[in-house]
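Written below as structure tokens is the structure these notes are about.
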Amino acid sequence: MNQPVENVENTSPTALWRPSEERIAEAGITRYRTWLKENLGLEFSDYESLWEWSVTNIEDFWQTIWDLGGVIAHQPYERVLSERKMPGAKWFEGAMLNYAEHSLAYGKNPEATAQPAILFQSELQPRAEVSWKELTEQVGSIAATLKKLGLQQGDRAVAYMPNIPQTIAAMLAVASQGGIWSVTAPDMGAVGVLDRFRQIEPRILFAVDGYRYGGRDFDRRDIVRELVRQLPTLEAVIFVPYLNPDASIDFEFAESPERKVRVVSFNEATADPQPVNFVPVPFSHPLWIVYSSGTTGMPKPIVHGHGGVVIQTLKTGLLHGDQRPGDRTFWFSSTNWIMWNSVLNGLINGVTIMLFDGNPGYPDVSTLWRYAERERANSFGTSPAFISLCIKSGINPGQQFDLSSLRSVGCTGAPLTEEGYHWVYSHVSADVRLSCISGGTDPGACFLTTCSILPVYPGEMQCRELGVAAYAFNDEGKPVMDEVGELVMTQPIPSMPLFFWGDTDGSRYFDSYFTTWPGVWVHGDWMRLIQREESVTGIIYGRSDSTINRHGIRMGTSEIYRVVEELDEVMDSLIIDLEYLQRESYMALFIVLRDPSGSAEVGAKGPAPEGAVAGRASRQAGKLSVSETGVSAQLCARLMDAIREKLSARHLPNEIFAIPAVPRTLSGKKLEIPVKKILLGHDVKKAVNRDSMGNPESIDWFIEFTRARGI
């Protein structure tokens, strides 16, 4: 294993923020320590000793979360954990509960009935408010509609929906009946959506007619029709006219005229407000399917369970996030991202969740800060990319807006630079807890997180999450401190995936995390743990595998290749994501043109590629010059359009280059990780073994490229 950062030093920077005595006294961790002392006679001198206990006595720890959080169980559990093993750990067997019941429980309090459960703003709608009573009645009505449409426990209901209140209500209705939920955002093209939904064979589809982003309207009804046509298991569509209130949709199947898909309007689905009849399900009953892509094959359909999500949410919200009933919490997210699920989970802790749909920089970069001011947000969550945008724009939210209600600013999706840390404290507020966190779609939890009794150091996340045995391992599989190593988890947690959908023998699940060290979850990130006076802090240095992580949303390289290599001009391709600490996100697409010189080649499936000569690429001794990209503006535009329309606008490369050949192994696999290491400045001899390559000369272009670019 080659570490991405050499000769790291354990310096002691000055803390940017230290909690006041009042803040410490009010912190969820403080209340928890008091509860442990009063109920179990357990005392811990500091956070680190508490963390050590939580990952050593894991059964005792998770039982305290069950008790403290007040889990609503229709049937008690027989044991906390049957066996400490990964994969295969079975938590709280025998317990029967329902995620949606926990999500709507706070609304039963008389004082909460009229309070907002959801606040909403979008480019289409300036402000909307949904009370707890209204949300509960909507969920009850949709649940009754789903039963009429034939949805049964274990059936999949999917959504092609943005971050709007209707999506929240739909998800809770599906979960309330024991159905299994999955969602993609409408900015994703048909190919990306079908790659996900085909695997899980859904019965019901929730879909919008379109959305608005950056002032532009995008009608997605043709995409919805394509989804329905290519998902033969679909029996009904619940249609949400979001872009145009008068929009409608119908479906015809020329190839299967006998097939009928019922269309129900969202207004019809919510026309009969009523209480929710929650269906109790086992603790490990599937709740939702989220997607995280590897480097080959289809996106991984990751299944999380009702109980695991509930108990994980109680822990993070009460102990780390300091969530209190009635708090107003915001995190900018797309429905494609696990942070959307995290926002939704806030309902379990009685908070009012704030949703936003649209471009956060439209009409200007102050849009979200104005939203936070108007709604008196208590926490504001975003990404390093947005903070970088704010820095470049020169805005000063702390002076321009009244953000006095803010207690925390959250950030995730990629490592936040030290400059970003300093900016938050100098331009937002000097007295907020900067909650930089790092977890994943896969575990459904954080490895590194936040805590209100600990200081914030620039560039470092405050602590390891309670109950999560996260370590940095060296090449020998030993935990290291103050060194960069592989981020691993050595003990099971309740929120980790139950399985991958369709992975009948569990081999894909096992191969994704457990092949390096037996019984140890290897997440695929570089991490450095640092021993500070108050606790162990951490820094994430980016992916240690070749998965693309653009602004927090992961996608497999194979998905990009499938779209890029459909173009006649492209014979082969390689995409490398260089997102890592202290650098802005940068992704490069390297393509092998069918004819870099402009004349037809043997085996080409058409005429000379469009604009090949204009790219000014030249072959010299079998190499392309690295002084030019070698790709015409026309072809670049077509590649960008293809990725944007068929996959995602979030995964567009920063630059596109022509190369002579894609480096491959003797068995023909693309050498993504070795090329990434070379571009990150690693020693070439350590990064790649030429003897294992089928075309060893191909690596020379990337060596020259790295040298010419001064990387």
Side-chain angles (χ1 to χ4, degrees), residues 1-5 188 192 195 291-297 299-300 334 336-338 383-386 388 412-417 438-442 484 486-487 512 522-527 539-565 572-591 629 631 636 639-640 642-644 646-657 659 662-663 669-682 687-688 699 701-702 705-706 709 711:
M1 179 176 65
N2 293 288
Q3 297 176 352
V5 177
M188 183 174 283
D195 281 351
Y291 304 89
S292 182
S293 301
T295 57
T296 59
K300 296 181 297 187
S334 158
N336 283 332
W337 193 14
I338 192 66
S383 66
F386 179 75
S388 177
T412 194
L416 181 64
T417 64
S438 179
T441 300
D442 311 60
V484 178
E486 283 276 3
L487 192 166
S512 295
V522 178
H523 189 62
D525 277 346
W526 300 112
M527 180 174 74
I539 300 175
I540 298 294
Y541 289 94
R543 298 296 298 169
S544 62
D545 61 19
S546 55
T547 302
I548 297 168
N549 181 355
R550 292 290 271 178
H551 313 305
I553 300 176
R554 294 171 62 189
M555 179 173 288
T557 54
S558 61
E559 297 186 76
I560 302 287
Y561 298 147
R562 189 180 306 115
V563 170
V564 167
E565 293 171 14
D572 206 353
S573 63
L574 185 75
I575 193 156
I576 305 294
D577 179 14
L578 298 183
E579 185 171 277
Y580 65 108
L581 196 68
Q582 305 297 353
R583 293 255 186 124
E584 292 184 2
S585 175
Y586 176 83
M587 188 165 71
L589 173 62
F590 302 95
I591 61 173
T629 68
V631 186
C636 281
L639 287 164
M640 292 291 200
I643 296 170
R644 181 186 297 108
K646 295 185 177 183
L647 284 177
S648 165
R650 298 174 183 269
H651 292 82
L652 298 176
N654 294 85
E655 293 184 273
I656 304 174
F657 302 91
I659 58 175
V662 170
K669 293 182 179 179
K670 299 182 183 186
L671 288 170
E672 296 166 319
I673 295 176
V675 170
K676 180 175 182 176
K677 289 179 177 180
I678 289 171
L679 297 181
L680 287 174
H682 289 221
V688 62
I699 209 72
W701 190 93
F702 294 92
F705 176 82
T706 304
R709 283 266 172 144
I711 296 176

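In this chain, numbering begins with 1 at the start of the sequence shown.
Looking only at distances, a side-chain donor or acceptor of Glu565 sits under 3.5 Å from a matching main-chain atom of Ser573. The main-chain N or O of Phe386 is found under 3.5 Å from a side-chain atom of Ser383 such that the two form a donor-acceptor pair. At least one donor-acceptor pair under 3.5 Å links the side chain of Tyr561 to the backbone N or O of Ile575. Put simply, the side chain of Asp572 never gets that close to the backbone of Val662: no donor and acceptor are under 3.5 Å apart.
When all heavy atoms of Thr557 and Glu672 are compared, the pair lying nearest together is OG1-OE2, 2.6 Å.
Between Ser334 and Arg650, the closest side-chain pair of non-hydrogen atoms falls below 4.5 Å. The side-chain heavy atoms of Lys300 and Ser512, taken from C-beta on, include a pair separated by under 4.5 Å. Side chains of His682 and Pro674 form no contact here, defined as non-hydrogen atoms less than 4.5 Å apart. Inter-residue side-chain proximity for Met188 and Leu647 is flagged as unmet; no heavy-atom pair is nearer than 4.5 Å.
Between Leu639 and the choices Ile560, Leu652, Ile591, the side chain to side chain contact (heavy atoms under 4.5 Å, CB included) rule is met once, by Ile591. The side chain to side chain contact (heavy atoms under 4.5 Å, CB included) test with Val675 singles out one residue from Ile673, Leu679, Ile678, and that residue is Leu679.
A salt bridge does not link Asp577 to Lys676: none of the charged nitrogens lies less than 4.0 Å from a carboxylate oxygen.
By the ring pair (Phe, Tyr, Trp, His ring centres under 6.0 Å) test, Phe702 is found to be paired with Phe590, residues two or more places apart in sequence or in another chain being considered.
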